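None of the values given here were measured: they were computed from a predicted structure. When reading the values below, keep in mind they use all heavy atoms of this one structure, side chains included, and skip hydrogens, waters and symmetry mates.
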Amino acid sequence: MASSKGVATSPAAARASDMEKMSIEQLKAVKEQTDLEFNLLQDSLNNIKTATGRLEAAATSLNDLSHRPQGKKMLVPLTASLYVPGTLDDADRVLVDIGTGYFVEKTMNEGKDYCERKINLLKSNFDQLIELATKKKTVADEAGAILQAKLRQLAPTT
């Protein structure tokens, strides 16, 4: 927002002045809502961290696999804790899990590229969510501070 004299007012200052005009019930609702949104964003950030870690592990595994000779005996993971013996048949062709139980056969380089693109996308989304979570936390803190101030004003002085 800009005034007629060209002095800009920050959105945070405008938001704080708007919150000061709210009733206690409205402030409680704003604080609860922004806290809820912040917690959901935190969950999303944790999910992105987990997914990024898995993709980084997959990229490392692809890199290690590309250096193994054909016919090499190895343990193949079926789950995180269950492995079965197997033999490396063709290190240049891999199956890539693209989500919801779908796999696509790709070359080793295409598989590595897929992992890198997904990692970069997740890191970009992570950065955007960090900004949004920071803003939500700021709004929740402002609402909480204003709410506390209003409650102190209403409290009887002894």
Side-chain angles (χ1 to χ4, degrees), residues 1-67 75-83 91 93-155:
M1 287 192 281
S3 69
S4 60
K5 295 184 181 184
V7 177
T9 307
S10 73
R15 188 173 51 236
S17 69
D18 289 343
M19 282 194 272
E20 288 173 0
K21 297 174 186 171
M22 292 180 179
S23 69
I24 291 175
E25 292 78 22
Q26 290 172 320
L27 282 169
K28 283 181 182 178
V30 167
K31 175 136 177 60
E32 287 175 10
Q33 180 66 32
T34 53
D35 282 341
L36 177 66
E37 291 172 2
F38 176 76
N39 290 335
L40 289 173
L41 288 169
Q42 283 295 108
D43 290 344
S44 295
L45 288 168
N46 290 334
N47 291 339
I48 288 175
K49 280 183 193 177
T50 301
T52 302
R54 287 183 186 155
L55 280 167
E56 287 171 342
T60 301
S61 295
L62 285 175
N63 192 41
D64 292 345
L65 189 62
S66 67
H67 299 312
L75 291 175
V76 179
L78 293 182
T79 66
S81 61
L82 177 64
Y83 292 80
R93 307 295 299 169
V94 294
L95 287 177
V96 177
D97 182 357
I98 59 171
T100 62
Y102 288 98
F103 292 84
V104 175
E105 185 175 334
K106 293 185 175 280
T107 66
M108 180 64 70
N109 289 334
E110 289 171 342
K112 290 177 184 177
D113 181 57
Y114 176 83
C115 287
E116 288 304 314
R117 284 186 289 117
K118 285 293 190 181
I119 289 169
N120 291 336
L121 175 66
L122 288 173
K123 286 182 178 178
S124 171
N125 289 347
F126 185 84
D127 294 341
Q128 291 172 359
L129 283 178
I130 285 283
E131 281 183 42
L132 190 56
T134 303
K135 289 176 184 175
K136 291 292 180 186
K137 184 69 174 157
T138 302
V139 170
D141 291 346
E142 288 173 359
I146 293 169
L147 180 61
Q148 289 297 322
K150 284 191 174 205
L151 289 173
R152 269 188 255 121
Q153 287 176 349
L154 291 177

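- Of all the heavy atoms in Val30 and Ala143, the pair that sits closest is CG1-CB, 4.1 Å.
- Applying the side chain to side chain donor-acceptor pair (under 3.5 Å) criterion to Lys135, with sequence neighbours excluded, gives no partner residue.
- Partners of Asp113 by side chain to side chain donor-acceptor pair (under 3.5 Å), not counting sequence neighbours, listed by chain and number: Arg117.
- Evaluation of the salt bridge (Lys or Arg N to Asp or Glu O under 4.0 Å) rule for Arg93 yields Glu105 as partners, not counting sequence neighbours.
- Interatomic distance, OG of Ser44 versus CG of Leu132, reported as 9.5 Å (0.5 Å rounding).
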| query | Are Asp141 and Thr34 close enough, and set up right, to give a side chain to side chain contact (heavy atoms under 4.5 Å, CB included), and what steps lead you there? | reply | CA-CA 9 Å; Asp141 291 346; Thr34 53; over 6 Å; no
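- With sequence neighbours excluded, no residue satisfies side chain to side chain donor-acceptor pair (under 3.5 Å) with Gln42.
- Residue pairs meeting the salt bridge (charged side-chain N to carboxylate O under 4.0 Å, His left out) criterion with at least one partner in residues 21-31, sequence neighbours excluded, are Lys31-Asp35.
- The distance from atom CG of Asn120 to atom OG of Ser124, rounded to the nearest 0.5 Å, is 8.5 Å.
- Scored by the salt bridge (Lys or Arg N to Asp or Glu O under 4.0 Å) test, Lys49 finds no partners at all (sequence neighbours excluded).
- For Lys118, the salt bridge (Lys or Arg N to Asp or Glu O under 4.0 Å) criterion is met by no residue, not counting sequence neighbours.
- By the salt bridge (Lys or Arg N to Asp or Glu O under 4.0 Å) test, Asp127 is found to be paired with no residue, residues two or more places apart in sequence or in another chain being considered.
- Residue Asn63 holds its CG atom at 8.5 Å from CE of Met108, rounded to the nearest 0.5 Å.
- Here the CG-NZ distance, from Leu62 to Lys106, works out to 11.5 Å after rounding to the nearest 0.5 Å.
- Taking all atoms of both residues into account, the shortest heavy-atom contact from Leu82 to Thr79 is N-OG1, 3.0 Å.
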| request: List the steps and the verdict of side chain to side chain contact (heavy atoms under 4.5 Å, CB included) for Phe126 and Leu45. | output: CA-CA 6 Å; Phe126 185 84; Leu45 288 168; 3.5 Å; yes
| request: Applying side chain to side chain contact (heavy atoms under 4.5 Å, CB included), run through Ile48 and Leu129 and close with a yes or a no. | output: CA-CA 10 Å; Ile48 288 175; Leu129 283 178; 3.5 Å; yes
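- Contact record, Val96 with Gly111: CG2-CA, 4.1 Å, taken as the closest heavy-atom pair.
- Remark: Glu20 engages Ile146 in a side-chain contact (heavy atoms from CB on, under 4.5 Å) (not counting sequence neighbours).
- Rounded to the nearest 0.5 Å, atoms CD (Gln153) and CD1 (Ile24) are 8.5 Å apart.
- A cation-pi geometry, defined here as NZ or CZ lying under 6.0 Å from the six-membered ring centre and within 45° of its normal, does not hold between Lys136 and Phe38.
- Atom OG1 in Thr134 sits 9.5 Å away from atom CG in Leu41 (nearest 0.5 Å).
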| task | Output, in order, the C-alpha distance, side-chain angles, deciding distance and verdict of side chain to side chain contact (heavy atoms under 4.5 Å, CB included) for Ile98 and Tyr114. | result | CA-CA 9 Å; Ile98 59 171; Tyr114 176 83; 3.8 Å; yes
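- Closest of all the heavy-atom pairs between Leu65 and Ala91 is O-CB, 3.9 Å.
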Run the side-chain donor-acceptor check on residues 54-61: report pairs under 3.5 Å with partners two or more places apart or on a different chain.
from	atom 1	to	atom 2	distance (Å)
Thr60	OG1	Glu56	O	3.0
Ser61	OG	Ala57	O	3.0

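- Partners of Gln33 by side-chain contact (heavy atoms from CB on, under 4.5 Å), not counting sequence neighbours, listed by chain and number: Glu37.
- Residues passing the side-chain contact (heavy atoms from CB on, under 4.5 Å) test with Asp97, sequence neighbours excluded: Phe103.
- The two residues Thr107 and Val94 come nearest to each other via the heavy atoms O-CG2, 3.9 Å.
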